[in-house]
Undergrad: 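Just dropping this structure here.
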Amino acid sequence: MSTTSLIIGASGQIGTELTKKLRATYGENSVIASDIRDDNTALVNSGPFKRMDAMDYNAIKDCVTQYNVDTVYLMAAMLSATGEKYPEKAWHLNMTSLFNVLNLAKEGFIKKIFWPSSIAVFGPTTPREQTPQYTIMEPTTVYGITKQVGERWCEYYFNNYGVDVRSIRYPGIISWKTLPGGGTTDYAIDIYHKALETGTYDCFLKDNTALPMMFMDDAINATVNLMDAKPEQVKIRSSYNLAAISFTPSQLAKSIQQHLPNFTISYTPDFRQQIAESWPKSINDAQARLDWGWKHSFDMQSITKEMLSQLQKKYQD
Ligand code: SER
């Protein structure tokens, strides 16, 4: 059976690479990209693109009807650090876009939804090591609150309306193609850019702040595998814990120094330190591994090698 997918927020860090992967797998005309921004020319020119606001229910509905879309990936969101600057805006964007998509499924316009949650659903009262799937969740950021509430609504729509919605609690995602915007884990990308551009990086987190992280290729594989899983394999309809590795800024700096021995790092923690300290250091993702065969491939060393070599090429161009 052929599927047509719509990616909302396709110009973002994960959306760009997800669009590319799905177009390579299903054909460019089977994947409609959309975003409120249309300045990502590579994306706009690589297949159908619709300029769209994720908060505009009618625009999404028109697009879904026009292209016969059956699956929606909702990748638009305001992340943790920006969300603290614009709390109401973050709440409004993150919740309205989710309800738009859940209601389209409830009303029978689409069949399947992917919606990302985050490690931000956890908070200072959550056990921080090997954080279990089911545990205390008292998020303190607006972003975390929207993701936790969103998870509850996903499960509610599955239980009460039979909506096939699937979700992953992404850790910090490391990638070189598109920059992230406004996240607390973004230091783990900035650091590679600065290492190559200037040879030094001033980190906004403390040296020993451990956070769960993952390379983009692993995150995309997880997303595709979860969406390809048979419905009965998807036993969790709120959101799955997902893990690959955990490291601190100083450990990451050391892995860069193995390639660039003159690289130096300093630390000037800002408001993001408090956010990072409220999140887990490591995640227990046994359920995802059991239910739909999740397995990661990239460790910190292989991420550093790949990031430096890909970004080196980018800076040479
Ligand atoms: N990467 C996100 C952030 O830092 C977490 O989901 O906000």
Side-chain angles (χ1 to χ4, degrees), residues 9 12-18 73-87 89-91 93-95 97-98 114-124 126 128 131 137-151 154 167-193 203-206 209-220 222-223 238-249 252 269-283 285 288 296 298 303 307:
Q13 186 202 7
I14 304 175
T16 324
E17 302 211 26
L18 185 62
Y73 296 79
L74 175 54
M75 311 308 287
M78 195 183 285
L79 296 190
S80 60
T82 314
E84 293 310 287
K85 292 186 182 146
Y86 309 103
K89 228 170 151 180
W91 171 258
L93 169 62
N94 295 1
M95 296 316 300
S97 58
L98 176 59
F114 178 80
W115 174 77
S117 185
S118 160
I119 53 167
V121 292
F122 301 114
T126 303
R128 290 186 73 200
T131 300
M137 294 161 88
E138 295 186 314
T140 47
T141 62
V142 177
Y143 174 66
I145 294 170
T146 64
K147 290 297 180 185
Q148 199 213 356
V149 173
E151 285 190 7
C154 286
S167 177
I168 283 170
R169 291 172 183 153
Y170 287 136
I173 308 291
I174 302 175
S175 68
W176 53 270
K177 285 197 184 113
T178 309
L179 283 172
T184 301
T185 55
D186 295 5
Y187 91 84
I189 295 170
D190 297 347
I191 192 170
Y192 292 108
H193 287 267
C203 186
F204 57 74
L205 296 183
K206 284 188 200 159
T209 315
L211 285 169
M213 299 278 183
M214 179 178 290
F215 195 50
M216 179 64 86
D217 298 33
D218 278 333
I220 297 292
T223 307
S238 51
S239 191
Y240 276 95
N241 272 11
L242 195 77
I245 48 169
S246 285
F247 55 74
T248 66
L252 189 58
D270 66 15
F271 73 101
R272 290 169 280 193
Q273 179 63 31
Q274 207 187 340
I275 299 178
E277 278 173 21
S278 77
W279 289 352
K281 294 180 183 185
S282 61
I283 298 283
D285 63 353
H296 73 277
F298 284 82
I303 293 176
M307 286 296 286

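Order of appearance sets the numbers: ligands from 1, and atoms from 1 within every ligand.
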Undergrad: Taking atom types as modelled, find out whether S175 and Q13 have a side-chain donor-acceptor pair closer than 3.5 angstrom.
TA: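 The criterion, which ignores hydrogens and geometry beyond distance, is satisfied for Q13 and S175.
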Undergrad: Less than 4.0 Å between a side-chain N and a carboxylate O, is that true for R272 and E84?
TA: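 A salt bridge is absent here (no side-chain N lies under 4.0 Å from a carboxylate O).
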Undergrad: Heavy-atom cut-off of under 4.0 Å around ligand 1: list whichever protein residues fall inside it, by chain and number.
TA: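 Only L79, S80, S118, Y143, G183, T184, T185, W279 have heavy atoms that fall under 4.0 Å of ligand 1, ordered by chain and number.
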Undergrad: For T184 and S80, does a side-chain donor sit closer than 3.5 Å to a side-chain acceptor?
TA: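 There is such a pair (donor and acceptor under 3.5 Å, judged by atom type) between the side chains of T184 and S80.
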Undergrad: Given 3.5 Å as the limit, does a donor-acceptor pair link the side chain of S117 with the main chain of I168, or not?
TA: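 Not confirmed, S117 side chain does not pair with I168 backbone.
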Undergrad: Mind running side chain to side chain contact (heavy atoms under 4.5 Å, CB included) on Y143 and N94 for me, showing each step along the way?
TA: CA-CA 8 Å; Y143 174 66; N94 295 1; 3.9 Å; yes
Undergrad: Indicate yes or no for a side-chain donor-acceptor contact from D186 to the backbone of G183 under 3.5 Å, with no hydrogens or angles considered.
TA: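 Looks like yes, one N/O pair under 3.5 Å.
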